[in-house]
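To keep things clear, I will list the structure first and then write my remarks on it.
Letters A, B, ... are given to chains in the order of the sequence lines, protein chains preceding strands, and every chain is numbered from 1.
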Number of protein chains: 2
Amino acid sequence: MQSYTEENYLKTIYHLAEKTINVQTNAIAEQMQTKPASVTDMIKKLADKGLVDYIKYQGVTLTEIGKNTAIDIVRKHRLWEVFLVDKLNFKWDEVHDVAEELEHIKSIELIERLDEFLGFPKADPHGDPIPDKNGRFAKTQFIKLIELKIGDRGTITGVTQHSSAFLKHLEKLGLTLGKQIQISDVTDFDGSVEIRLSDKQVNISREVAKHILISSNGKN
Amino acid sequence: MQSYTEENYLKTIYHLAEKTINVQTNAIAEQMQTKPASVTDMIKKLADKGLVDYIKYQGVTLTEIGKNTAIDIVRKHRLWEVFLVDKLNFKWDEVHDVAEELEHIKSIELIERLDEFLGFPKADPHGDPIPDKNGRFAKTQFIKLIELKIGDRGTITGVTQHSSAFLKHLEKLGLTLGKQIQISDVTDFDGSVEIRLSDKQVNISREVAKHILISSNGKN
DNA sequence: TTTTATTTTTAGGTAAATCTAAAAATTATT
DNA sequence: AATAATTTTTAGATTTACCTAAAAATAAAA
Ligand SMILES: [Mn+2]
Ligand SMILES: [Mn+2]
Ligand SMILES: [Mn+2]
Ligand SMILES: [Mn+2]
């Protein structure tokens, strides 16, 4: 059984491992809002428990058990987010912090029944896939909006930034999950992107465009 | 802001205070499954924070703030129990441990919305009253089944024992909340009680009868 | 009112998770 | 290859929530 803290470390390592093979001490420290020295302490503990493979100065990778544990926490996090949005009418920018706590409730039965209650959802309110009870989920291969060319069409299917400020901004612009879009222009000067929606036209900065995921449904 | 542990102490003191005015160190230790020395440490901390009034060797009482905090945790605990039973189809004997964890999730918004989602329930699956958001609730003045006389009628409205073994036992006998009962006999030898239900007759031990609460609706 | 039993507190210590400051290893730059 | 910069680890402390053993206070019994 893992502590609340150990679980958060495992989840952080799991997410960082999506970008780099060996996860570095400093990267973990930054993500966890803690000091590198504390990370080293915890890494040793996780290594002792067989949850990570660790070579001094070379960073860590999750073991099979460690990875499964992490995926289970991600599953819980995303299911709770769906609950909060679908059942309790939270906005997609309000759920992260609460889910961050709820994900640590230890009851297999609870999460199985919650999954069923929610109708076995495949994605959370931010478009992230929800692993099933065996930890399996489709690796969503979405394109970043920034990579689209003028004329390209697609559907908004996810975001890679979960801050409330960012999500509220998208909400205000009408750029929510499921919306059909088409790129009408890309400004040379600042790289900002002009987007056509069914009912209106909006302009977003390059920075915002980087964090929107699109399932492309047809060129030009 | 209180820690998980501090909240559990406050809740324990609150429940013990329903029986005695000054709550004793040993009573808290027993309830919390810890040692009296640990309780003394925590009591000092809670006193420093202004959550309890404490006189050495004389036990503790909750301050106004301490009491409100405790009631808020009780509210959360009971609302989550309703959620588990009403929405996730848990049995009444399966919910306590999970609620014990869920009650510590810190989000006022969450509990307000959960309350609304559940239809502002007035009692939990064990018949215990749920405080409203201002901490107010009706002091249920139910009679213990053991106090009824032969011929008395009533409705089962609560239990004073939440162990899974006890609740499963009641379930098997058909003695669940809302059931109409009449006392048909009390055995002199062991004090066991014979109960008439709408469709059958059951016999329960004196010990069991002590922990069933009845709203009496008419004598003989 | 002593003596005895019970309850409660103090003293001193441990384990988990954190920190700061300094040393060691690795990586990048000249 | 030597030096500088960065990353990571160690050493030593702190805080929280515990513990055991022993002392002190209170309550009960003789
Ligand atoms: Mn978390
Ligand atoms: Mn999410
Ligand atoms: Mn609890
Ligand atoms: Mn209950």
Side-chain angles (χ1 to χ4, degrees), chain A residues 1-17 19-62 66 69-70 73 100-101 103-104 106, chain B residues 1-17 19-62 66 69-70 73 100-101 103-104 106:
Chain A
M1 187 112 301
Q2 286 77 231
S3 72
Y4 186 108
T5 311
E6 286 165 2
E7 288 188 350
N8 281 333
Y9 270 93
L10 288 175
K11 198 180 61 160
T12 295
I13 294 167
Y14 174 77
H15 285 311
L16 289 170
K19 308 213 161 191
T20 51
I21 312 99
N22 273 42
V23 179
Q24 303 193 126
T25 304
N26 270 2
I28 298 169
E30 190 187 19
Q31 194 67 33
M32 299 278 302
Q33 310 244 61
T34 186
K35 304 293 165 186
S38 305
V39 173
T40 301
D41 286 346
M42 181 55 80
I43 281 173
K44 283 179 185 163
K45 193 176 162 193
L46 294 175
D48 285 347
K49 290 193 172 189
L51 297 164
V52 299
D53 290 319
Y54 170 52
I55 305 162
K56 269 188 188 177
Y57 292 97
Q58 301 306 128
V60 287
T61 53
L62 292 170
T69 307
I73 301 157
E100 206 59 46
E101 286 188 62
E103 71 190 1
H104 302 290
K106 285 171 201 1
Chain B
M1 188 112 299
Q2 286 78 232
S3 73
Y4 185 109
T5 311
E6 285 165 4
E7 288 189 349
N8 281 333
Y9 270 93
L10 288 175
K11 198 179 61 160
T12 294
I13 294 167
Y14 174 76
H15 286 312
L16 289 171
K19 308 215 161 190
T20 51
I21 312 100
N22 272 41
V23 179
Q24 302 193 128
T25 303
N26 271 3
I28 299 170
E30 190 187 19
Q31 194 67 32
M32 300 278 302
Q33 311 244 60
T34 186
K35 304 293 164 187
S38 304
V39 174
T40 301
D41 285 347
M42 181 56 80
I43 281 173
K44 283 180 184 164
K45 192 176 161 193
L46 294 174
D48 285 348
K49 289 194 173 189
L51 296 164
V52 299
D53 289 319
Y54 169 53
I55 304 162
K56 269 187 190 178
Y57 292 97
Q58 301 307 126
V60 287
T61 54
L62 291 170
T69 307
I73 301 158
E100 207 57 47
E101 287 188 60
E103 71 190 0
H104 302 291
K106 285 170 200 5

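A sub-4.0 Å separation between OP1 or OP2 of dA16(C) and a side-chain N or O of Thr5(A) is absent.
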What pairs of donor and acceptor atoms, side-chain ones from residues 49-61 of chain B against any protein atom, are under 3.5 angstrom apart with sequence neighbours left out?
| unit_1 | atom_1 | unit_2 | atom_2 | d |
| --- | --- | --- | --- | --- |
| Lys49(B) | NZ | Glu6(B) | OE1 | 3.0 |
| Lys49(B) | NZ | Glu6(B) | OE2 | 3.0 |

Decide side-chain contact (heavy atoms from CB on, under 4.5 Å) for Met32(A) and Met42(A); before the verdict, give the C-alpha distance in whole Å, the side-chain angles of both, and the deciding distance to 0.1 Å. CA-CA 12 Å; Met32(A) 299 278 302; Met42(A) 181 55 80; over 6 Å; no
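Legend: residues meeting salt bridge (Lys or Arg N to Asp or Glu O under 4.0 Å) with Lys106(A), ordered by chain and number and at least two apart, are Glu7(A).
The nearest whole Å value for the distance from the CD1 atom in Ile28(A) to the P atom in dT18(C) is 13 Å. Look at CD on Gln33(A): it is 12 Å from P on dT18(C), rounded to the nearest Å. Protein atom CD of Glu6(B) is 9 Å distant from nucleotide atom C1' of dT16(D), rounded to whole Å.
Among all heavy-atom pairs drawn from His104(A) and Tyr4(A), the shortest one is CD2-CE1, 3.5 Å. The nearest pair of heavy atoms linking Ile13(B) to Val23(B) is O-CG2, 3.8 Å.
Here side chain to side chain donor-acceptor pair (under 3.5 Å) pairs that include residues 24-34 of chain B, with residues two or more places apart or in two chains, number zero.
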Identify each atom pair where a protein N or O and an N or O of nucleotides 8-15 of chain D are less than 3.5 Å apart, giving names and distance.
| unit_1 | atom_1 | unit_2 | atom_2 | d |
| --- | --- | --- | --- | --- |
| dT8(D) | OP2 | Asn26(A) | N | 2.7 |
| dT9(D) | OP1 | Tyr54(A) | OH | 2.2 |
| dT9(D) | OP1 | Tyr57(A) | N | 3.1 |
| dT9(D) | OP2 | Thr25(A) | OG1 | 3.0 |
| dT9(D) | OP2 | Thr40(A) | OG1 | 2.9 |
| dT9(D) | O5' | Tyr54(A) | OH | 3.4 |
| dT10(D) | OP1 | Lys56(A) | NZ | 2.6 |
| dT10(D) | OP2 | Lys44(A) | NZ | 2.5 |

